[in-house]
Amino acid sequence: MTSPQDNLAFDQTRLDKVRALKDKGITIFPSSFDRQHTVLEIKTRYADITHDKSAEPVSTAGRVYIVRNHGKTLFADLGDETGKIQLYIRKNDIGDEQFNLFNQFIERGDIIGVTGHIFRTKLGEITIWVETFTLLCKAVCSLPEKFHGLTDIEKRYRQRYVDLIVNEESRQTFRIRSRIISLIRRYLDDHGFLEFETPILQPVYGGANARPFTSYHNFLDQKLFLRIAPELYLKRLIVGGFEKVFEIARNFRNEAVDTNHNPEFSMVEIYWAYRDFEDMMGLTEAIVSSIVIEIHGKFEIPFEDTTLNFQRPWKKLAMVDAVKEYAGIDIYANTVEQLRDLAQQNKLEDWEKSKTHREFLVQFFEGLVEEKLIQPTFIHDYPVENSPLAKRHRTKEGFTERFELFIHGMEVGNGFSELNDPVDQKARFEEQDEKRRLGDVEAQMIDYDFINALGYGMPPTGGVGIGIDRLVMLLTNNVSIKEVILFPSMKKLQEDGEELPAVDASEKK
RNA sequence: GGGUCUGUAGCUUAGUUCGGCAUAGCGGCGGACUCUUAAUCCGCAGGUCAAGGGUUCAAAUCCCUUCAGGCCCGCCA
């Protein structure tokens, strides 16, 4: 069992170098450096440079990625956020003392600033002919191997900073993630939606069916839950008179961790007054397809061994029709007994459990259809029992005006015409509460304050939530959610003793 | 929760089938080298073979337990 300090990767020879530099009176961690150009700026401005040195000098800074020593001269690769550029350093130019200093103390991983002129080497590489260099930060941990880099998946997740230093693909994934979030925000901003922040610590959790994380407030002496969804608070804002609102929300669900689930994940939830679920399908299409174009420049993008096509309009199917089309089963042409036989034949889990047509519908859909929905597909008209916050369907008894977006077999979005009948909402909550009391760990609590809010009147409203992590997976061709979350939840490594925050005696009961 | 694979030097790894001195490259250290591109050449150091237990004259290798992770399945309406 490793102890926490064993995780420190300080390299003794590097620590020795720090000591030696200090003894020489060299500032190892200076406060600033006058960087005039990024690597990309230099490469762009001097794209046509020849073997002759540029007239004007440049100054840039970054991490040393590799050093190629040739005795009285050396080459090194310097990298900043925008890219890498080669350095050429000669003893003749910078003098014995500086040259020896570089040779002895600057190594892979250190951060330096340089000044010099640009030229192109005989082999055609754009290069900075260095005149001065300054140590800006001595790395006391050594980087992974220069050619293979860091390939250990676990280490890439646990020490993302190292992953980002050495793996450009990883940097690119997170650049795209950042861009996607910014594009979502910009789209909604441009279309008149207001962004709000609602409570993460909630006395009553709701808005989804999921197990919550539980916390505790010392001063208030009460239990608080980390939100599983922002839904019920955002709808309170619609009651309050805001008509187009959204939140880019981190949600917390105390459930399984696998390639599609992280305990904390990001969603954008959008509510739009005087709109319904059809409109929200349209909005979802518009947002997602515009992001695809911004990121990839076209609607067809590669994912795994297939091509996803985001060209609008996307396929829309009622759940009943989806089961008919993808599973070949006409739910309402069969009796419940026949459906049970079919469920058994198809080896569905818990085939004997379902008792109604609608229960079998959901069971067949989840068991046989979801995984086949590769291209962006909206499935709509969900049974009322599964959708306690959605408005009853205007024409289909027992169903709701709800849809989910599936891409590559993954649930990416979920929306509906929001239930705004406070009496019906109260009854639906009570049904959930009953399930919860009978042991359904994911059934919802009754949020009386939310019911009360509906009592003051919420206009007909459309709402949708889009899973940002999964969207990023699709747009960056990553199969695991851990690849698109900077610091995914990982089990802690050491079990020796639990560290707890200090306790204030005055708060103790 | 079930199945399966993986864990060897700072990094990338050979060795595990069939038990017999712990491999190499990179990196580090020392030396040579003034246009290299994973520079090249010579030399040196570097190991709790994930942890613990067992079998054996002898275990990285076989057996058991544990830890962490990947993948698949289940769970997630």
Side-chain angles (χ1 to χ4, degrees), chain A residues 1-2 6 8-14 16-17 51 65-77 84-93 99 103-104 107-109 119-127 129 139-159 162 166 208-211 228 253-263 265 319 347-350 353-354 358-359 361-363 365-367 370-371 382-388 402 404 410-411 414 432 435 440-444 479-480 482-483 488 490-496:
Chain A
M1 195 62 47
T2 56
D6 285 345
L8 285 182
F10 288 6
D11 184 322
Q12 190 55 50
T13 65
R14 284 176 181 251
D16 293 345
K17 284 175 189 173
H51 194 62
Y65 275 90
I66 204 166
V67 179
R68 294 181 289 278
N69 195 320
H70 286 258
K72 295 187 182 61
T73 178
L74 63 83
F75 290 90
D77 291 346
K84 288 183 187 166
I85 193 162
Q86 182 170 259
L87 306 180
Y88 181 50
I89 304 180
R90 303 199 323 167
K91 202 170 195 170
N92 288 16
D93 300 322
F99 194 79
N103 256 335
Q104 280 176 40
E107 57 199 318
R108 182 172 155 76
F119 78 113
R120 197 174 287 280
T121 63
K122 281 178 186 165
L123 295 182
E125 180 86 14
I126 188 165
T127 302
W129 193 305
V140 298
C141 300
S142 49
L143 289 180
E145 207 245 11
K146 64 186 175 188
F147 185 59
H148 297 93
L150 182 64
T151 55
D152 185 301
I153 292 170
E154 184 178 348
K155 271 189 187 150
R156 287 186 44 237
Y157 297 157
R158 287 190 193 273
Q159 297 180 263
V162 181
V166 299
N209 289 46
R211 300 180 78 164
I228 56 173
R253 297 188 183 175
N254 207 337
E255 289 169 353
V257 177
D258 62 29
T259 46
N260 288 318
H261 299 82
N262 195 64
F265 65 101
M319 189 184 279
K347 301 187 175 73
L348 295 183
E349 287 287 314
D350 300 329
K353 258 192 189 167
S354 298
R358 294 202 293 270
E359 283 173 2
L361 170 65
V362 171
Q363 199 172 17
F365 176 74
E366 288 173 355
E370 271 189 23
E371 61 184 15
Y382 280 60
V384 65
E385 299 81 7
N386 302 79
S387 314
R402 175 187 179 187
E404 289 193 321
M410 244 182 346
E411 182 195 333
N414 180 19
Q432 286 289 313
K435 284 185 185 172
D440 182 344
V441 293
E442 298 189 337
Q444 303 192 22
V479 184
S480 170
K482 287 192 171 76
E483 292 288 355
M490 303 287 280
K491 208 159 183 175
K492 72 171 182 175
L493 288 173
Q494 63 281 350
E495 296 295 334
D496 49 350

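What you see below is based on every heavy atom in this structure, not just the backbone, and it leaves out hydrogens, waters and symmetry mates.
- An OP1 or OP2 oxygen of B:U36 is reached within less than 4.0 angstrom by no side-chain nitrogen or oxygen of A:R68.
- Remark: the A:T151 side chain and the B:U12 base include no donor-acceptor N/O pair separated by less than 3.5 Å.
- With hydrogens and angles left out, the side-chain atoms of A:Q432 and A:N209 include a donor and acceptor closer than 3.5 Å.
- When the shell of 6.0 Å around CZ of A:R120 is examined, it contains more than 12 heavy atoms from other residues, nucleotides or ligands.
- Listed candidates were B:C76, B:A39, B:U34. Nearest to the side chain of A:K146 is B:A39.
- Residue A:K482 places at least one side-chain N or O under 4.0 Å from the OP1 or OP2 atom of B:G70.
- For B:U36, its base sits under 3.5 Å from the side chain of A:Q86 at one donor and acceptor pair at least.
- Proximity note for A:Y157 (side chain, C-beta onward) versus B:C11, B:G70, B:C76: the nearest is B:G70.
- At a cut-off of 3.5 angstrom, counting only N and O atoms as typed in the model, there is no donor on one side facing an acceptor on the other between the side-chain of A:H148 and the base of B:C11.
- Nearest nucleotide to the A:P144 side chain, out of B:U37, B:G70, B:C11: B:C11.
- B:U65 is paired with B:A51 under the criterion used here, namely a Watson-Crick or G-U wobble arrangement in which both key atom distances are under 3.5 Å.
- Nucleic acid contact for A:N260: none, since no nucleic acid atom lies under 4.0 Å from a heavy atom of the residue.
- The side chain of A:K17 sits closest to B:C29 out of B:C29, B:U12, B:G70.
- When distances run from any side-chain atom of A:E107 to the nucleotides B:U36, B:U34, B:G28, the shortest one goes to B:G28.
- Each of A:P388 and A:K122 was assigned the nucleotide of RNA chain B with the nearest heavy atom; the assignment lying further toward the 5' end belongs to A:K122.
- Taking the six-membered ring for Trp and thresholds of 30 and 60 degrees, A:Y88 and A:F119 have ring planes inclined between 30 and 60 degrees apart.
- Put simply, the side chain of A:D77 and the base of B:U37 share no donor and acceptor less than 3.5 Å apart.
- Residue whose closest nucleotide on RNA chain B sits further toward the 5' end, between A:V67 and A:H51: A:H51.
- A donor-acceptor pair shorter than 3.5 Å can be found between the side chains of A:R402 and A:S387.
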